[in-house]
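A short worksheet on the structure shown next.
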2 protein chains.
Amino acid sequence: MSYRRSFLMEERLADNRQRILKAARALVAEGGFNHASIAAVAASAGLSAGAIYRYFPSKAALFVEVLTSAIDHEIAILQAIAKGAGDVTCRLRGCVESFANRALEGPYLAYAFIAEPAEQEVDEARLLGRKRFGEVFKSLLIEGVEAGEFPAQSVDIGAACIVGAFTEALIRPIAPRAKREGRKELVEGIVAFCLRAVGATISGRKAGRGVRA
Amino acid sequence: MSYRRSFLMEERLADNRQRILKAARALVAEGGFNHASIAAVAASAGLSAGAIYRYFPSKAALFVEVLTSAIDHEIAILQAIAKGAGDVTCRLRGCVESFANRALEGPYLAYAFIAEPAEQEVDEARLLGRKRFGEVFKSLLIEGVEAGEFPAQSVDIGAACIVGAFTEALIRPIAPRAKREGRKELVEGIVAFCLRAVGATISGRKAGRGVRA
DNA sequence: CCAAGAAGTGAATCAGCATTCACAAAGAAA
DNA sequence: TTTCTTTGTGAATGCTGATTCACTTCTTGG
């Protein structure tokens, strides 16, 4: 045996891998999954098509990883907000706001990650992602009910509904070539909906009052 | 000129067209869009692959029509409930219940129509369908606010959120090879969520009281 | 029954891409 | 430097399934 990967080599490989992922993410961000053929990804990463397969077993696997790591990142952000201090209501608001704002920031990417048709495997990853988002909200709901901020309710269903609600409300403005206006109002509308839905009795704003109007 | 379509012929053609649509719908219902290749549809409709193209310009067009007509049907049902008599709250409940129950009845079909990846065009039709569903709920919301049953709110956003909420809550139980239990509880949970979300003050059941618990 | 046009057939074609593969270039040990 | 191994190349391959098309069969009006 006359070959062992040197440290430098090791690093360069890892770097390539990252570059592939990044290129894929970028391509999706600018034109959806269609834009992101293996050839395009390879070109944009400065490699040949064949090389991609030294790093990922298949196109699907590559995009599953792209999607999953984006979701991981998103979850981490939400988690940080959800585990923070203060009213549960406040934190719920924070989560929804934060997600919505980021989605509106990078609409193509968000659209692709939330709704664009893609291969089976990617879709499954997406479903899993939604479940994970749901779990963040679920624990928030549990906490809120325990703290007496929200009335008793089916937290599993409620969590799924919340995810669905803001997702859907976001999709239309996010979808390719949709007009994008009233971002503030949109986000606030979504938040208000969610807060009413969980039965929050305060608005969760900086120093808020009632939410019912 | 020695040929004009006779009445009988005309009918047979229309009948073929219907049979194609029906076959397509059935195939989707039993195995999602993958199952429904042109060849399969043709076979199941008792025609050859080529013949399909006498009736539809492309596969996408065929499935757009399948989807659209399913949505039309669904909308008609919801419309009937929404335009019926009684509390707005009651009717809103009725719409959500009805949709959810039908979706749980034919999970494959519902999954395909709501979420399964498919070609661009089909996806666009799906988006349009969601918008149309949204409109039904929007008018319900407007009516409810005017009647004083619901507090003032952004009805556009609210409508989208409602559609998203029940859709999402349905997806997991509907998705291929998911366990399906607690249907009643699921539907009731979704309804409760939606009613709280719009700020309904009664449960909308047969002769209901408060919804808050 | 015949001719003209329409509908139906299904094998061949085509297109779009992912995936492979024979080969080349580079890296590691000796 | 030699040799072995890994990594990179990119054209060729292969697959999948929609779409086409030359041809057959049917319908209609005369």
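Every heavy atom of this structure was used, including side-chain atoms; hydrogens, water molecules and symmetry mates were not. Reminder, nothing fancy here: chain letters follow the sequence lines and each chain counts from 1. These numbers come from a predicted model, not from an experiment.
- Look at Asn34(B) and you won't find any side-chain N or O under 4.0 angstrom from OP1 or OP2 of dT16(D).
- For Tyr53(A) and dA11(D), the OH to P distance is 16 Å, given to the nearest whole Å.
- Between Arg25(A) and Glu65(A) there is no salt bridge, since no side-chain nitrogen of the basic residue lies less than 4.0 Å from a carboxylate oxygen of the acidic one.
- One interatomic measurement links the two molecules: CZ of Phe56(B) to P of dT19(D), which rounds to 13 Å at whole-angstrom precision.
- Checked for salt-bridge contact, Glu97(B) and Lys184(B) miss the test: no charged N lies under 4.0 Å from a carboxylate O.
- Comparing Pro57(B) and Arg12(B) by the nucleotide of DNA chain D that holds the closest heavy atom to each, the one mapping nearer the 5' end is Pro57(B).
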What protein N or O atoms touch nucleotides 12-16 of chain C N or O atoms at under 3.5 angstrom, if any, and at what distances?
none

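- Between Phe113(B) and Phe33(B), the ring planes are tilted. Angles from 30° to 60° get that label.
- Distance, Glu119(B) CD to dT16(D) P: 17 Å, rounded to whole Å.
- Taking a cutoff of 4.0 Å between a charged side-chain nitrogen and a carboxylate oxygen, Arg183(A) and Glu105(A) qualify as a salt bridge.
- At whole-Å resolution of the value, CZ in Phe63(A) and P in dC17(C) are 12 Å apart.
- Asp15(A) and Arg12(A) are not joined by a salt bridge, as no carboxylate oxygen comes within less than 4.0 angstrom of a charged side-chain nitrogen.
- Separation of the Phe166(B) and Phe133(B) ring centroids does not fall under the 6.0 Å cut-off.
- With salt bridges taken as basic N to acidic carboxylate O contacts below 4.0 Å, none links Lys83(A) and Glu143(A).
- The interatomic distance linking Arg54(A) (CZ) with dA25(C) (P) rounds to 15 Å, in whole Å.
- In this structure, Leu62(A) and Leu21(A) have side chains that are in contact, with non-hydrogen atoms separated by less than 4.5 Å.
- Here dG8(D) presents its P atom at 4 Å from OH of Tyr55(A), a figure rounded to the nearest Å.
- Across the protein-nucleic acid pair, Leu8(A) atom CG and dG27(C) atom P stand 10 Å apart, rounded to whole Å.
- To the nearest angstrom, C1' of dA29(C) lies 15 Å from CE of Met9(A).
- Distance check, rounded to the nearest 0.5 Å: CD1 of Ile114(A) to CZ of Arg130(A) gives 7.5 Å.
- A heavy atom lying under 4.0 Å from DNA chain D marks the following residues of residues 38-51 of chain A, by number: Leu47(A), Ser48(A), Gly50(A), Ala51(A).
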